[in-house]
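Bear in mind that the values here come from a model prediction, so they are computed numbers and not experimental data.
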Amino acid sequence: QVQLVESGGGLVQAGGSLRLSCVASGDTICISAMGWYRQAPGKERELVATITSGNTTTYADSVKGRFTISRDNARNTLYLQMNSLKSEDTAVYYCNADTASSFRLCVRIQFEYWGQGTLVTVSE
């Protein structure tokens, strides 16, 4: 199994920055792609950014140029650097990890895992 714990959320003024972290534990050897998603009040969860095991990244158009996703595989940690924050970035941010059957151990675990989320509030 894989456990994901996010941190770094908080209150910030528009134009400010935050850095979110997600620490993975458990069967981390099974993790392939990782990503950040967010859910604002009254809205559905949406993609923010993803990163593959080969460090290929994708971003939602709304955050492109402002956010940067990265990962430190040695420390089993995913990051999201958030700059030039806007009020519309206010949401609960969730860490996501996909697993691959690269090892026999990985066949018996879930395909996808989610963290509990960390709240980011951007004030005007």
Side-chain angles (χ1 to χ4, degrees):
Q1 300 295 310
V2 174
Q3 296 80 43
L4 304 172
V5 179
E6 303 98 332
S7 64
L11 176 64
V12 65
Q13 270 66 49
S17 298
L18 283 175
R19 188 193 189 201
L20 306 184
S21 298
C22 171
V23 178
S25 60
D27 299 317
T28 58
I29 195 173
C30 302
I31 296 176
S32 55
M34 301 188 75
W36 289 97
Y37 294 72
R38 67 186 182 187
Q39 187 166 19
K43 297 183 178 180
E44 296 181 353
R45 188 174 299 187
E46 63 181 6
L47 170 73
V48 176
T50 63
I51 183 168
T52 68
S53 59
N55 286 324
T56 299
T57 60
T58 61
Y59 296 92
D61 289 339
S62 59
V63 307
K64 192 172 298 183
R66 300 187 297 119
F67 292 8
T68 302
I69 188 172
S70 61
R71 63 195 294 176
D72 185 339
N73 293 328
R75 297 178 178 178
N76 298 315
T77 303
L78 177 73
Y79 302 98
L80 184 67
Q81 180 64 48
M82 310 166 67
N83 298 326
S84 302
L85 284 162
K86 306 174 181 179
S87 60
E88 49 262 47
D89 295 319
T90 295
V92 176
Y93 284 72
Y94 296 92
C95 177
N96 167 266
D98 291 341
T99 62
S101 300
S102 302
F103 304 90
R104 292 182 179 179
L105 165 72
C106 306
V107 175
R108 301 188 63 180
I109 68 172
Q110 294 174 202
F111 164 74
E112 187 175 62
Y113 292 89
W114 293 91
Q116 294 300 306
T118 184
L119 177 63
V120 173
T121 303
V122 184
S123 65
E124 293 289 337

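- Grouped by direct or indirect side-chain proximity (heavy atoms under 4.5 Å, Ile/Leu/Val/Met/Phe/Trp/Tyr only), I109 sits with V2, L4, V12, L18, L20, I31, M34, W36, V48, I51, Y59, V63, F67, I69, L78, L80, M82, L85, Y93, Y113, V120, V122.
- Distance alone, capped at 3.5 Å, places no donor-acceptor pair between the T99 side chain and the E112 backbone.
- Using modelled atom types, no side-chain atom of R108 and backbone atom of Q1 make a donor-acceptor pair closer than 3.5 Å.
- Once rounded to the nearest 0.5 Å, the distance linking CD of Q3 with CG of N76 reads 11.5 Å.
- Closest approach of G115 to Y94, counting heavy atoms only: O-CD2, 3.6 Å.
- Identified under the salt bridge (Lys or Arg N to Asp or Glu O under 4.0 Å) test for residues 84-106, with sequence neighbours left out: R38-D89, R66-D89.
- Among pairs with a residue in residues 52-63, those fulfilling salt bridge (Lys or Arg N to Asp or Glu O under 4.0 Å) read D61-K64, at least two apart in sequence or across chains.
- With values rounded to the nearest 0.5 angstrom, N73 atom CG is found 11.5 Å from I29 atom CD1.
- Heavy-atom contacts from other residues, nucleotides or ligands closer than 6.0 Å to CD of Q116 number 12 or fewer.
- Put simply, the side chain of E6 gets close to the backbone of C95: a donor and an acceptor are under 3.5 Å apart.
- Across every non-hydrogen atom of S84 and S17, the tightest pair is N-OG, 4.3 Å.
- L47 and V92 fall within the same hydrophobic cluster, where Ile, Leu, Val, Met, Phe, Trp and Tyr residues are linked whenever their side-chain heavy atoms come under 4.5 Å apart, directly or through other members.
- The environment of L119 atom CG is dense: over 12 non-hydrogen atoms of other residues, nucleotides or ligands sit within 6.0 angstrom.
- Side-chain contact of S53 with S32: a donor-acceptor pair under 3.5 Å is absent, judged by distance alone.
- Between S87 and E124 the shortest heavy-atom distance is OG-OE2, 2.8 Å.
- To the nearest 0.5 Å, atom OG1 of residue T28 and atom CZ of residue R75 are 14.5 Å apart.
- C106 and S101 make their closest contact through CB-CA, 4.0 Å (heavy atoms, listed as atom of the first residue, atom of the second, distance).
- Looking at every heavy atom in both residues, T118 comes nearest to G9 through OG1-N, 3.2 Å.
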